[in-house]
Each structure stands twice: as structure tokens, then as C-alpha cells.
Protein chains: 2
Amino acid sequence: MPSKPAAITMDAVYAAPGYLFRRMQQIAVAIFVEECRAFDLTPVQYAALVSIHTHPGIDATRLSAVIAFDRSTLGNVIERLESKALVERKPAREDKRVKLLYLTKAGAATLREIMPSVERAQARMLQPLKAADRKVLLALMTQLVDLNNEASRVPLRAEDALEHLGKSG
Amino acid sequence: MPSKPAAITMDAVYAAPGYLFRRMQQIAVAIFVEECRAFDLTPVQYAALVSIHTHPGIDATRLSAVIAFDRSTLGNVIERLESKALVERKPAREDKRVKLLYLTKAGAATLREIMPSVERAQARMLQPLKAADRKVLLALMTQLVDLNNEASRVPLRAEDALEHLGKSG
DNA sequence: GCCTAATTGACAGCATACTTACAATCTGGC
DNA sequence: GCCAGATTGTAAGTATGCTGTCAATTAGGC
């Protein structure tokens, strides 16, 4: 007998991995913003600060590869960090196109001070799960993100991007 | 001995659940858009179509609760769907503030036709994992999203939102 | 050495995702 | 039946996240 097409129900949304990822991302951002309200930093801005801290003198294009953010998006993020005086852009001598990124004193201080709040936020996201399940979920997500790296429009290219630097990590 | 604060490395980003969720969401959208390119529908627009199909005559506020999208965001989404002639807005008789949402013929047809592509996309997101791991990840994500529901700015309120309707489910 | 290729940062444009605010409207308490 | 307060849709403002494109600059093939 010919199989009828399945009826379209809300399960086509609720049970879809894509919907769960979107929903969890919304929740994660909400928790982060709540815990870090005192610092007026978004998750993206925080990630940029960490990367510039870890790779001082990196340029915007390489930074976008290191945290897998779109180059255009990152430009705006850096602009905001600069206007908050957390980050400085200095023209590179060897290449007139490039601007090198550095944390200001205030940027380094903010990063140091926000860390406990960030850790609280990250913990809260997984809090509802049992400890063993947290580990499993983290491991599977790490695996999945890694294996799907090329599927995203801006793949993570941590190593490639750092070949020109002292290659600190 | 006093414990030194941990050095800030890129692990503060890469190993953080928030980063993994963001990254996976990026990947999921990229895969969805790629598989559904022929239909010019985003994941959010697809979810809205499914919900309006399942709950014809729903209003925008209730719809936002049913798929946990922000009311403002959803307004723009509906506007775009309307301009593509996939959705109609009709004023409610009993309440002059409310506009009821319906799929057009084209909207229903598009939804019917896009389903195979959506299912391909959803499958691709988890493809790299072993079958058993896919199940585990889906179960844990479902659990986590549910338990964290109240933490998001726009919690899912499927039942509440549908009390006024025929309550089709 | 020169000219094509690629790269870099910037910009414009579209689509989420949130905030606050507002006018129109409805509801409940009295 | 009126009025305070809630609800609905909408709008403006900010922040990702992507697509393009562009000028300036650099690098490579020859």
C-alpha cells in the first residue's frame, strides 16, 4: 500500500535538532547576559576579549577564524569594544591593510573580573542535568561541532589562523 | 597555599557550553539554508509556517509563545511571510487589536513541498554522530531545553497559549 | 618589474533576537 | 458604566550573523 505523507504537527518543530539548538542558544545567551549584567558584555564580546588576550596583536580576519565569527560581524563587535575602550586597533607596519588588536588595561581588567560570572553562567546552563549527563552532553556537542565544522559558513580555523603569530596556542 | 587564578586560555571559549551551543546553532542554520535553498525559507520562517498550519487562526502573540520567539521578532517574520504571500493576516471580529493568521494556498503548498528538504537538513545536523549517540544527544537536549525553559527571555508556553483555541494540540 | 590574484577592512543590506515604548483596545473591580 | 491596568500589534534602537561589494594593498607568476 502507498504510504501517506506524515501529517505535519508541531513535532516537526519541537523534536527537530535545529529547533533544540536554537532554543538552547537563546537560553544560553539569556543566562550569560543575566549573570554578567554588571559588566555590560555580550557572549560574543567576551569571546573576542579572550581571544585578543590570548593572541595579542592578532588581526580581525585571523580573529574571525579563531572564534568562527563572520568577518563582517566581527568588525562591528570590535568597533563596540573599541568604543568601550576595552580594545585598541593599531595599524600594522608590514602591511598597510591590517590593523592589529590589543586589549587595553581596562579590557584586561574587565576580562579578569568577569571570569567568575562567566563560569557561573556556563555552569547554570547545564545545571538542570545530572552530573554524568552534563559530561555526556558536553562530549557529544564538542564532537558534533568539530565534525560539522566545515558545514558552517565560517569554519573554525584555529591553527591555520595562528601560523603567522608566535603560535601560543 | 593560595590557589592562583587559572590562566585565561582559549579553552575558556572552546570548552564552554555556551560557545558550543552558539556554534552548533550556526552550523544548523547553515545546513538548513543549504538544503532548503530552493524554497527561500529560513528556519524561523519554516517554524512559523508549521505553527500556523497546525493552529490556523492563531494570533501573533500566541504564536510567539508556541514557538518561543520574541513578539517583536515574530512581527517582522510574519511581515516577510505575508509579503511572500505565504501567510494572511485577518482582523479578529471579537477583538479589534488582534489579527488572526492563516496560511495561503501557496503557504500550505510550500510547507508540504519543503518537508523532505527540512528532514534531510535535520538529519544532516546529527549525521556525524553514531546512531546511538544521536539518540542520547537529542534526549539530553530535549531535557535541558525543557528544564531551562524559564531561563529564556521568551519561555515556551505551548499549552497556555492554546487554551482559547479549539486546542488541537 | 608588472600585472593579475588574493587579501584586508569597510560598507550596505537582510534576517533573527532582544529591549523599551506607545497607541488602540479590552477587562475587571467597583 | 467608568476607570485603572492589562493586552495587542507596532515601532525604534541595539547586537549578532550572514550576503554581497568595494577600494586599498599585497603577493605571485611570468
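Each chain gets a letter, A, B and so on, in the order the sequences are listed, and its residues count up from 1. The figures that follow rest on heavy atoms only: side chains count, while hydrogens, waters and symmetry mates do not.
- Across the protein-nucleic acid pair, B:Leu41 atom CG and C:dA15 atom C1' stand 13 Å apart, rounded to whole Å.
- Distances shorter than 4.0 Å separate some side-chain N or O of A:Lys99 from OP1 or OP2 on C:dA10.
- In a base pair of the Watson-Crick type (N1 to N3 plus N6-O4 or O6-N4) or a G-U wobble (N1-O2 and O6-N3), with each distance short of 3.5 Å, C:dC18 is matched with D:dG13.
- Annotated as syn: C:dA5, whose glycosidic dihedral is within 90° of 0.
- In summary, the side chains of A:Arg23 and A:Gln26 do present a donor paired with an acceptor at a separation below 3.5 Å, with no hydrogens or angles considered.
- A:Tyr19 has its ring centre less than 6.0 Å from the ring centre of A:Tyr14.
- A:Arg80 and A:Ser83 share no side-chain donor-acceptor pair at under 3.5 Å.
- Remark on DNA chain C: of its neighbouring residues A:Arg22 and A:Gly75, the 5'-side contact belongs to A:Gly75, judged by nearest-heavy-atom nucleotide.
- Taking only distance into account, the side chain of B:Ser72 meets the base of D:dA11 through a donor-acceptor pair shorter than 3.5 Å.
- If you check every strand for non-hydrogen atoms under 4.0 Å, B:Asp95 touches sugar and phosphate atoms only.
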Full working for side chain to side chain contact (heavy atoms under 4.5 Å, CB included) between B:Val77 and B:Gln45:
CA-CA 6 Å; B:Val77 174; B:Gln45 289 166 11; 4.0 Å; yes
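- Both B:Ala68 and B:Lys96 lie near DNA chain C, and the one whose nearest nucleotide falls closer to the 5' end is B:Ala68.
- In this structure, B:Gln25 reaches the C:dA17 phosphate: one of its side-chain N or O atoms is under 4.0 Å from OP1 or OP2.
- Note on B:Val33: nothing from the nucleic acid sits closer than 4.0 angstrom, heavy atoms only.
- Rounding to whole angstrom units, CG of residue A:Leu74 and C1' of C:dT8 are separated by 13 Å.
- The residue A:Thr42 sits close only to the backbone: its heavy atoms come under 4.0 Å of sugar-phosphate atoms, none of a base.
- A salt bridge links A:Arg157 to A:Glu150: one of the charged nitrogens lies within less than 4.0 Å of a carboxylate oxygen.
- In this model, no side-chain donor or acceptor of A:Arg97 finds a partner on the base of C:dT8 within 3.5 Å.
- Close to D:dT7, at under 4.0 Å from its OP1 or OP2, lies no side-chain N or O of B:Arg71.
- Residue-level contact check: A:Val29 touches neither bases nor backbone, having no heavy atom under 4.0 Å from any strand.
- Pairing of C:dA5, defined by two Watson-Crick or G-U wobble distances under 3.5 Å, is not identified with any nucleotide.
- Judged by distance alone, with hydrogens and angles left aside, A:Arg153 brings no side-chain donor or acceptor close enough to the base of D:dG17 to form a pair under 3.5 Å.
- Considering only side-chain atoms of B:Gln26, the nucleotide from C:dG9, C:dA17, D:dG17 that sits closest is D:dG17.
- In this structure, CG of B:Asn76 is placed 9 Å from C1' of C:dT16, rounded to the nearest angstrom.
- With D:dC18, C:dT8, D:dG17 as the candidates, the nucleotide lying closest to the side chain of A:Val154 is D:dC18.
- By the 4.0 Å N-to-carboxylate-O rule, A:Arg97 lies too far from A:Asp59 to be salt-bridged with it.
- Regarding contacts with the backbone of C:dG9, every side-chain N or O of A:Arg89 stays at 4.0 angstrom or more from both OP1 and OP2.
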